[in-house]
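Here the structure is laid out as C-alpha cells; the discussion comes afterwards.
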Amino acid sequence: MTVLRGSSVVLRPTLTEDVPALAAIRATPEVRARWRGEDDLEAEIAGDLEDPGTVCLTIRDGERIIGMIQWYSEDEPDYRHAGIDLFLDPAVHGRGLGTDAVRTLARHLIDDRGHHRLVIDPAADNAPAIRCYEKVGFRPVGTMRQYERGPDGTWHDGLLMDLLAPELKR
C-alpha cells in the first residue's frame, strides 16, 4: 500500500509504533462512546493490524497522528464492494479532516482498486459523521434497527450509507 495524500491529511499504513497514539485517541470519551473496546486498547489495535481482511491506515495532519481509517473488501465477484470505518481525534473535529480522509480513501478504492460501490455504517444518531460522509457523496440506504449494542447494554440503530463511483464528490 502506498501513502495516500489528501488536501490536508496523509494516510499511510499503520505501524506498530502508531499504536500508543491511536490507543490514546480511542480512549477519549467521544471516540470510546462510538468505538468502545476492551480495557487494553493498545492490544486491541495491535490485533486489528493482524487482521488479514482489514487494511488499517494512520491519518496524519502534518506530523501529528489524528486517527485511523480502515477498509475491507468483499471480493465475491457478484457482490464486490469495499467498506470504510474510521475514528478521529476529537481535538480536530469540525476542521474537515475526516471528510478529507474519507474522500482520499474513497478515491483510492475507486480509482486504484476498481471498486464501484463503497459502504459505511455510522450510528444513526451520529449526525456529525453522517454529514461528513454525505460531503464525500455517501447516501443513506436505510436504518439498520438495533444494529449495535451500546455501552449501557441497550441496542442502537445504525445507518447504512453507500457511494457509487460516479457519485464521489472529488
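Heavy-atom basis, side chains included; hydrogens, waters and symmetry copies ignored.
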- Task: Check step by step if side chain to side chain contact (heavy atoms under 4.5 Å, CB included) holds for L22 and T58.
- Result: CA-CA 8 Å; L22 294 171; T58 295; 4.0 Å; yes
- Message: Between T14 and M68, does the side chain to side chain contact (heavy atoms under 4.5 Å, CB included) criterion hold? Intermediate values first, please.
- Response: CA-CA 8 Å; T14 300; M68 187 172 81; 3.9 Å; yes
- Item | F138 and L118: CA distance, side-chain angles, deciding distance, side chain to side chain contact (heavy atoms under 4.5 Å, CB included) verdict | CA-CA 8 Å; F138 281 88; L118 308 177; 4.0 Å; yes
- Query: Are R32 and L41 close enough, and set up right, to give a side chain to side chain contact (heavy atoms under 4.5 Å, CB included), and what steps lead you there?
  - Reply: CA-CA 10 Å; R32 187 114 174 145; L41 291 174; 2.9 Å; yes
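In this structure, R103 contributes its side chain and K135 its backbone to a donor-acceptor pair below 3.5 Å. Looking at Q146, its side chain never comes within 3.5 Å of a backbone N or O of W155 through a donor-acceptor pair. With hydrogens and angles ignored, the 3.5 Å screen pairs a side-chain donor or acceptor of E74 with a backbone N or O of E76. A donor-acceptor pair under 3.5 Å is formed between the side chain of D18 and the backbone N or O of L15.
Rounded to the nearest 0.5 Å, atoms CG (L163) and CD1 (I84) are 8.0 Å apart. To the nearest 0.5 angstrom, I120 atom CD1 is 6.5 Å from D85 atom CG. Rounding to the nearest 0.5 Å gives a distance of 13.0 Å between CZ of R117 and CG of L109.
Not counting sequence neighbours, the partners of D111 by the salt bridge (charged side-chain N to carboxylate O under 4.0 Å, His left out) test are R170. Scored by the salt bridge (charged side-chain N to carboxylate O under 4.0 Å, His left out) test, D61 finds R95 as partners (sequence neighbours excluded). Scanning for salt bridge (charged side-chain N to carboxylate O under 4.0 Å, His left out) contacts around D100 gives an empty result, with sequence neighbours left out. Contacts of E17 classified as salt bridge (charged side-chain N to carboxylate O under 4.0 Å, His left out), with partners at least two apart in sequence or in another chain: none.
More than 12 heavy-atom neighbours from other residues, nucleotides or ligands sit within 6.0 angstrom of CG on D152. Within a 6.0 Å sphere centred on CZ of R64, heavy atoms belonging to other residues, nucleotides or ligands number more than 12. Around CZ of R80, the count of heavy atoms belonging to other residues, nucleotides or ligands within 6.0 Å exceeds 12.
The hydrophobic clustering, which links ILVMFWY residues whose side-chain heavy atoms are closer than 4.5 Å, places L11 and L86 together. V92 and I65 are assigned to two separate hydrophobic clusters, defined by single-linkage of ILVMFWY side chains at heavy-atom distances under 4.5 Å. Under a hydrophobic-cluster definition in which Ile, Leu, Val, Met, Phe, Trp and Tyr are linked whenever side-chain heavy atoms come within less than 4.5 Å, directly or via other members, L105 and L97 are assigned to the same cluster.
Listed by first then second residue, pairs satisfying ring pair (Phe, Tyr, Trp, His ring centres under 6.0 Å) with a partner in residues 21-67 read W35-F87, not counting sequence neighbours. Residues in residues 2-30 take part in no ring pair (Phe, Tyr, Trp, His ring centres under 6.0 Å) pair, two or more places apart or across chains.
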